Amino acid sequence: MKNRCRSCASGALSVDVIMRSRYNVRQDTEREKVIALAGNPNVGKTTVFNSLTGLRQHTGNWPGKTVTQAQGRFLHRNQPFLLVDLPGTYSLLAHSADEQVARDFICFGRPDATIVVIDATCLARNLNLALQVMEITGKVVLCVNLIDEAECKGIRIDLDTLSQKLGVPVIGTAARSGRGLFELKEVLYGVAMGQIEPAPPPVKYDEEVQSAVDQLLPRLGPLLQGLPHLNPRWVAMRLLDGDDPFLDSLTECDCAFEMAAKGEMALCAQ
Amino acid sequence: MGDCFPLCNAPVGHRVRVTDLQLEGFQRRRMLDIGLVPGTEVKVIRRSPIGDPTAYLVRGAVIGLRKNEASKVLVEEE
């Protein structure tokens, strides 16, 4: 927030706002908190989106329904939130177009928090994505949706234990009926405002990988200044992977950040 | 432990368990993301009329795999 863009007429836009505008995120005010909504396909992401924002985005039960991100707003405790609905994905590590949209936004769109919606009826399947997001950023709220359907099937989920093990807030919801949405907004507020600091335990890799990561970390620190929510360990892992699409996005984002920070950005949101 | 064989050879209706993935890189990642982790139970649901692809039930979701993909997933009879 300290870095202001000097090329704007008012000089009032922060680097955050400029960088987010690259991902089509248009904030009404700078106070507005940007929240990303991620999850596997068909877990009820769009239903959660609609019940939070009061919008009526079209939902349908087929893959790839949400192609680009939709956005909506809501107010909680007088704090404005901008919710970005991402395409449903099973993973952030393979390279389909949908996955890349979701991943790039979580990495470079600078969300103040990310909600990962998971399906209570098949938790194991969904935790894959949740763990991947939690490795990228700690600012995660887990929304265990379709909890009513799970109950019908006799599945009981111990949300407290799940939250303890994962180190992030976990809320059970049935978005269709509105159950759990108030609690979801409460923890979201806490995480986005910095009152709650989730601490997912770091993923352990074998010694060889670990020492390679440790060698990279000191050099990565200064490069990731513009991406405070991004876990440097995870970026180091992508470097070791030789994940080219990610590295391209990272380079591009870093250049844009430098320019924005120096006030050399000709193209502003306004 | 029974004998291991490729998933594509499992007959329709059978339940098998994943023992190993003989894949590298992107393809391996894909299979793991789908939920084909060693130890996972897979049910063969149906095979398309020309024999390829085949539908499998993996962790509560139906997933279609081609023969060349399924041939690299090793399983054992439950």
Side-chain angles (χ1 to χ4, degrees), chain A residues 38-44 61-64 87-100 102-103 116 118-136 144-146 149-150 152-155 157 203 205 209 234 237-238 240-246, chain B residues 6-8 10 12-50 52-78:
Chain A
N40 284 15
N42 301 330
V43 295
N61 196 27
W62 58 82
T89 56
Y90 293 112
S91 163
L92 296 175
L93 292 169
H95 303 298
S96 79
D98 283 0
E99 288 169 5
Q100 217 162 321
R103 181 173 80 175
V116 182
I118 61 176
D119 180 346
T121 63
C122 47
L123 213 54
R125 253 180 89 70
N126 284 252
L127 281 172
N128 179 43
L129 180 77
L131 289 169
Q132 286 181 17
V133 175
M134 282 159 48
E135 218 186 338
I136 297 175
V144 182
N145 196 32
L146 303 175
E149 239 173 77
C152 286
K153 289 186 178 175
I155 301 168
I157 294 169
V203 180
Y205 295 97
V209 176
W234 183 81
M237 291 297 294
R238 296 291 77 73
L240 293 174
D241 259 358
D243 184 339
D244 288 333
F246 173 76
Chain B
L7 179 59
C8 61
V12 173
H14 276 225
R15 281 174 194 278
V16 291
R17 196 169 286 278
V18 179
T19 55
D20 196 15
L21 299 178
Q22 295 187 315
L23 291 155
E24 291 281 318
F26 169 79
Q27 279 192 310
R28 184 183 177 86
R29 185 71 241 175
R30 236 309 170 233
M31 292 295 173
L32 293 173
D33 285 333
I34 286 169
L36 287 170
V37 182
T40 306
E41 188 193 277
V42 179
K43 190 181 177 200
V44 188
I45 298 184
R46 67 176 79 92
R47 196 152 274 151
S48 84
I50 28 171
D52 192 27
T54 305
Y56 301 96
L57 184 69
V58 184
R59 294 180 189 266
V62 179
I63 283 164
L65 290 180
R66 297 206 174 275
K67 204 171 192 170
N68 68 347
E69 296 164 316
S71 66
K72 287 165 189 156
V73 178
L74 293 189
V75 295
E76 62 183 9
E77 205 77 50
E78 271 210 283

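Residue numbers start from 1 in every chain, and the chains themselves are labelled A, B, ... in the order their sequence lines are given, proteins ahead of strands. It should be emphasised that the depicted structure is a prediction, and the values quoted were computed from it without experimental measurement.
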Value for CZ (B:Arg59) from CG (A:Leu123), rounded to nearest 0.5 Å, stands at 11.0 Å

Compare every heavy atom of B:Ile34 with every heavy atom of A:Arg125, then report the nearest pair and how far apart it is. NH1-O, 3.0 Å

Answer key: most heavy-atom pairs under 4.5 Å with chain B among A:Asn40, A:Asn128, A:Leu129 is A:Asn128

